[in-house]
Amino acid sequence: MALIVFRGGFRTNHLLLRRTFLFSARRDSSLLCTIQQHHQRSRYNVRAESLQATESKTSSKSIQMATKELVEKKTRGYEAIIGIETHVQLSTITKAFCSCPYTYGSQPNTTICPICMGLPGTLPVLNSKVVEFAVRLGLALNCELSVASKFDRKQYFYPDLPKGYQISQFDIPIARKGYVDVDLPVEFGGGHRRFGITRVHMEEDAGKLLHSESESYSQVDLNRAGVPLLEIVSEPDMRSGIEAAEYAAELQRLVRYLGVSNGNMQEGSLRCDVNVSVRPIGQLEFGTKVEIKNMNSFSAMNRAIDYEISRQIQLHNKGQVDQIVQETRLWDEGTQKTFTMRKKEGLADYRYFPEPDLPEVVLTKDFIDQIRQSLPELPEEKRRRYENLGLSMQDVLFLANDSSVADFFDATLENGADVKLAANWIMGDIAAYMKNEKLSINELKLTPQELSELIASIKNGTISGKIGKEILTELISKGGTVKQLIEEKDLVQIVDPAAIEALVDKVIAANPKQLQQYRAGKTKLQGFFAGQVMKESKGKANPVLLNKILAEKLNCPS
């Protein structure tokens, strides 16, 4: 449990004295006050929809390549400069500065208190889990951690921000100067990219406006007010919509692997604001940047950025560069265009100053080391390991996309399964079943051990691949063991040459017309005969042995 040490005094008669949050792994101070640990929500199940991004990439390669070529043609002579501000909602049980819970979908204004409502006289109390999660993410993003950081007030007015300011971090964020490594999809030429991370800082979320569809008013829901966020600010290192989308997707994978957030864009748990500008190639100074909001998927982000790049280039080509102004634009999915929302505020408009009601946050070496040692294998590390196993990049990107799928794959290999066969079964029949039934891999009745046993049974000839698919369907939906199903259903593959020969003779004798056509030159009819033999054997005939004996019989003139 992380500890707070109040150094130099504490609050007496509402007099604010100097205080410091000390996050340490040891009890080495005389005056200790523990912060209640807000345990991470139970491990979430990432559903099969998270695999759809990877599947869609492989299923529409020609369309994506055409899009890539079109974008390259439109941007000829210009370079796009793209940076992203990503807000990650943390999976803590309670909010950042009070004990109110937060559950997505709760009835409006049912999880609020005077602190998150911003009522006068209330005082925030820092949730220690927010600091722990910030350190976890900072380390995973290869950042330098600030041993001492502080909170600041960011002043601005929104109807859903009752205090009139947001508690955030300004000049001393908890982490800075990091990077993230990304592998681009194969259909976009592949390749490895490294994008810089400017900073990671802690802050609270605002509430939410509920707009009436039939009337001219909006209602305020403060359930989300005070929910802890980590804002990740990238360097302006991206140059296309696909690079930006893949960067954001990598952040989603990362926070899910770390367990700090569910990363669900549809719930607002991961929100990206993209800054886009263009400049003639060779120009050193940046162009005027435009911020894009309202993108609820990575594909929408890709399209929004590419549209905005094209819009700005057209203005350049028309000599209307002055019409590119610093503003916030919204992406409209219906028209596939961006449109102006508001002029963009500058830093001076926010009037930052240190938060007087919260002490600085001090991290000890022991606290950081404990978190560093607890980090799981991260997506980039997993992709490199899978590459070293001999898998293609397409396989690697699919398997490492979801930590639950990757864990299932790893467990299957630990039970002795062939690497490529295990990947094929998971990416094929298992992924298709998950998608159709909308289940996570953890919700299947199939275990990694039984998948490994199934693969071994096919490899050693006990059952055929066709029967293997039938067994897999039963294992996924009902459970059980491979050996049990083989015995109960009498599915052992026929490998006796004499038994297969008898089946072949029977089928040939029953189809003299097809035999005559085959020997007259229609050799494709061998597939017809093979199918009839498999039907006769109820799918149990060994395919290799069957085709060998069948070819000999069909080509024998006697």
Nearest 0.5 Å please: distance from the [atom1] atom of [X] over to the [atom2] atom of [Y].
X	Y	atom1	atom2	answer
K293	L330	NZ	CG	8.5 Å
K337	D332	NZ	CG	9.5 Å
E450	L472	CD	CG	11.0 Å
L399	D407	CG	CG	11.5 Å
N302	S297	CG	OG	9.5 Å
L439	I430	CG	CD1	12.5 Å

Flag, side chain of [X] to backbone of [Y], donor-acceptor distance under 3.5 Å:
X	Y	value
N127	K95	yes
T94	P101	no
T103	S106	no
K469	D429	no
N401	L397	no
R193	E243	no
Q336	E333	yes
R329	T338	yes
S261	Q89	yes

Exercise for the section: Give the intermediate values and the outcome of side-chain contact (heavy atoms from CB on, under 4.5 Å) for residues R199 and V233. Expected result: CA-CA 5 Å; R199 56 186 281 143; V233 181; 3.7 Å; yes
Distance-only polar pair, side chains of [X] and [Y], donor-acceptor under 3.5 Å:
X	Y	answer
S404	R256	no
E308	Q312	yes
Y104	N223	no
E487	Q484	no

Specify the closest pair of heavy atoms between [X] and [Y], including all atoms of both residues, with the distance to one decimal.
X	Y	result
A551	Q526	CB-NE2, 4.1 Å
E443	S440	OE1-N, 2.8 Å
A417	I455	CB-CD1, 4.0 Å
S457	I486	OG-CD1, 4.3 Å
C272	M295	O-CE, 3.4 Å
M238	A244	SD-CA, 3.6 Å

Take atom [atom1] in [X]; do more than 12 heavy atoms of anything else shown fall under 6.0 Å from it?
X	atom1	answer
Q107	CD	no
E267	CD	yes
K420	NZ	yes

Side chain to side chain, [X] and [Y], heavy atoms closer than 4.5 Å:
X	Y	answer
L451	I426	yes
R311	Y307	yes
L375	E381	no
V274	W331	no
V260	L254	no
L137	F133	no
V419	F409	yes
E246	P185	yes

Whether [Y] and [X] form a salt bridge (side-chain N of Lys/Arg under 4.0 Å from carboxylate O of Asp/Glu) is what I want to check.
X	Y	value
D181	R384	no
E250	R383	yes
E377	R385	yes

Practice task
Could you go through the side-chain contact (heavy atoms from CB on, under 4.5 Å) check for R239 and I81 one step at a time?
Solution key: CA-CA 5 Å; R239 296 293 178 264; I81 308 296; 3.5 Å; yes
Could you pull out every donor-acceptor pair under 3.5 Å between side chains of residues 503-513 and any protein atom, sequence neighbours left out?
| from | atom 1 | to | atom 2 | distance (Å) |
| --- | --- | --- | --- | --- |
| D505 | OD1 | K553 | NZ | 3.2 |
| K506 | NZ | E536 | OE2 | 2.7 |
| N511 | ND2 | V507 | O | 2.8 |

Practice task
Starting from the C-alpha separation in whole Å, work towards a yes-or-no answer on side-chain contact (heavy atoms from CB on, under 4.5 Å) for E453 and T481.
Solution key: CA-CA 9 Å; E453 183 68 28; T481 67; over 6 Å; no
Exercise for the section: Go through the steps for D410 and K382 under the test side-chain contact (heavy atoms from CB on, under 4.5 Å), then give the verdict. Expected result: CA-CA 10 Å; D410 288 339; K382 201 173 287 289; 3.4 Å; yes
